[in-house]
Amino acid sequence: MVEQTLGIIKPDAVAAGHIGDIIARIEAERFTIRAMKMVHLTKSQAEGFYHVHREKPFFESLTTFMSSGPCVVLLLERESAISHWREVMGATDPAQAAEGTIRRALGSSIERNAVHGSDAPETAAFEIGYFFNALERAG
Ligand code: CMP
């Protein structure tokens, strides 16, 4: 089934100059990029995005990191987009991520793991709506 997911190129990967590498991989994996923009989140915008993790011990550090510099957010579409993007990203912890995944190649810690992807259809709907309004999604 053709579906959509939200991808984020996180501040560590943007700062390290990997936007182009990651977008090339996204296209090689046959995703259609339906919308894309660079955003520098405020701390409270990062907290809103990651609100499901608000009770976790890493929440403060994660939201500080995610608001530390610009991100690139992408609305990605293809067959089984959610699971396929998660496969291409690899495990959350780059040290556990399989060879050939983005996090294995570009992540430096469980927090600074280069990319984000939605984990289910309900979270994809929330996350896409968080960054892209109806006009942008229609592009
Ligand atoms: P992401 O896929 O964006 O979802 C939540 C983020 O929290 C995760 O990637 C990591 O960047 C960060 N994080 C930091 N510590 C942990 C942890 N112990 N377990 C899971 N995620 C963590």
Side-chain angles (χ1 to χ4, degrees):
M1 188 186 61
V2 173
E3 60 181 15
Q4 294 185 333
T5 192
L6 185 87
I8 303 180
I9 305 175
K10 294 188 178 185
D12 57 329
V14 172
H18 294 308
I19 297 172
D21 299 335
I22 293 171
I23 290 175
R25 178 69 187 271
I26 286 168
E27 293 188 325
E29 296 288 342
R30 305 208 164 283
F31 287 95
T32 300
I33 299 172
R34 288 279 174 216
M36 175 169 77
K37 61 185 161 189
M38 180 176 271
V39 289
H40 188 155
L41 295 172
T42 64
K43 180 78 157 58
S44 75
Q45 288 168 337
E47 289 167 358
F49 180 74
Y50 279 118
H51 75 280
V52 293
H53 295 304
R54 65 192 174 280
E55 308 294 344
K56 305 270 175 58
F58 56 81
F59 183 68
E60 175 60 27
S61 175
L62 171 64
T63 54
T64 298
F65 161 58
M66 289 299 291
S67 56
S68 67
C71 294
V72 175
V73 291
L74 303 115
L75 173 48
L76 303 177
E77 183 176 284
R78 60 157 271 167
E79 184 80 20
S80 302
I82 295 170
S83 62
H84 192 74
W85 177 232
R86 292 179 71 77
E87 263 173 48
V88 172
M89 289 193 302
T92 306
D93 183 354
Q96 309 293 325
E99 199 65 53
T101 63
I102 294 173
R103 284 170 168 164
R104 174 68 171 259
L106 303 178
S108 46
S109 71
I110 195 164
E111 180 173 279
R112 301 171 72 85
N113 61 357
V115 282
H116 168 83
S118 310
D119 63 3
E122 305 72 42
T123 42
F126 166 75
E127 293 182 355
I128 291 165
Y130 199 80
F131 285 108
F132 297 109
N133 66 32
L135 196 64
E136 293 167 316
R137 292 199 302 272

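Side-chain atoms are counted along with the backbone in the values below, which use heavy atoms only and exclude waters and symmetry mates.
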OG of S68 to CZ of F65, rounded to nearest 0.5 Å, is 5.5 Å
Taking the side chain as every heavy atom from C-beta outward, state whether L76 and I33 have any pair of such atoms under 4.5 Å apart.
-> yes
Any chain of hydrophobic side-chain contacts (each under 4.5 Å) joining I26 to M89?
-> yes
Is a side-chain N or O of R103 found less than 3.5 angstrom from the main chain of A114, in a donor-acceptor match?
-> no
Any donor and acceptor pair, going by atom type alone, linking the side chain of E47 with main-chain N or O of T63 inside 3.5 Å?
-> no
Say whether V115 and L62 are linked into one hydrophobic cluster, either directly or through other cluster members, by side-chain heavy-atom distances under 4.5 angstrom.
-> no
Is it the case that one hydrophobic cluster holds both F58 and L41, taking links as side-chain heavy atoms less than 4.5 Å apart, direct or via other members?
-> yes
Any chain of hydrophobic side-chain contacts (each under 4.5 Å) joining I19 to I102?
-> yes
Could you tell me whether R78 sits above the aromatic face of F31, with NZ or CZ closer than 6.0 angstrom to the six-membered ring centre and within 45 degrees of the axis?
-> yes
Applying ring pair (Phe, Tyr, Trp, His ring centres under 6.0 Å) to H116 and not counting sequence neighbours gives F49, Y50
Do V14 and M38 come within less than 4.5 Å of each other through their side chains, counting heavy atoms only?
-> yes
Any side-chain donor-acceptor pair under 3.5 Å between K43 and S67?
-> no
Salt-bridge contact R104-E99 (side-chain N to carboxylate O under 4.0 Å) = yes
Go through the steps for I8 and E127 under the test side chain to side chain contact (heavy atoms under 4.5 Å, CB included), then give the verdict.
-> CA-CA 10 Å; I8 303 180; E127 293 182 355; over 6 Å; no
May I have the step-by-step check of side chain to side chain contact (heavy atoms under 4.5 Å, CB included) for F132 and Q4, ending in yes or no?
-> CA-CA 12 Å; F132 297 109; Q4 294 185 333; over 6 Å; no
Atom pair OG (S80) and CE (M1), whose distance is rounded to the nearest 0.5 Å | 7.5 Å
Are M66 and I128 in one and the same hydrophobic cluster, where Ile, Leu, Val, Met, Phe, Trp and Tyr link if side-chain heavy atoms are under 4.5 Å apart?
-> yes
What is the distance from atom CG of L75 to atom OG1 of T5, rounded to the nearest 0.5 Å?
-> 9.0 Å
Does N113 reach the main-chain N or O of P94 with its side chain, forming a donor-acceptor pair under 3.5 Å?
-> no
Under 3.5 Å donor-acceptor, E3 side chain and A81 backbone | yes
For residues V88 and W85, determine if any side-chain heavy atom of one lies less than 4.5 Å from a side-chain heavy atom of the other.
-> yes
Check whether any side-chain heavy atom of L106 sits under 4.5 Å from a side-chain heavy atom of I22, and report yes or no.
-> yes
Which value, rounded to the nearest 0.5 Å, describes the distance between E79 atom CD and R30 atom CZ?
-> 13.5 Å
Evaluate the side-chain proximity of I23 to M36: yes if any heavy-atom separation is below 4.5 Å, no if none is.
-> yes
How long is the span from the NZ atom in K10 to the CD atom in E111, to the nearest 0.5 Å?
-> 8.0 Å
All heavy atoms of R86 vs all of G117, minimum pair found to be NH1-O, 3.4 Å
Quick one: which residue pairs count as a side-chain hydrogen bond (donor to acceptor under 3.5 Å, both in side chains) with a foot in residues 129-139, not counting sequence neighbours?
-> K37-E136
At what distance, to the nearest 0.5 angstrom, does CG of L6 lie from CD1 of I82?
-> 10.5 Å
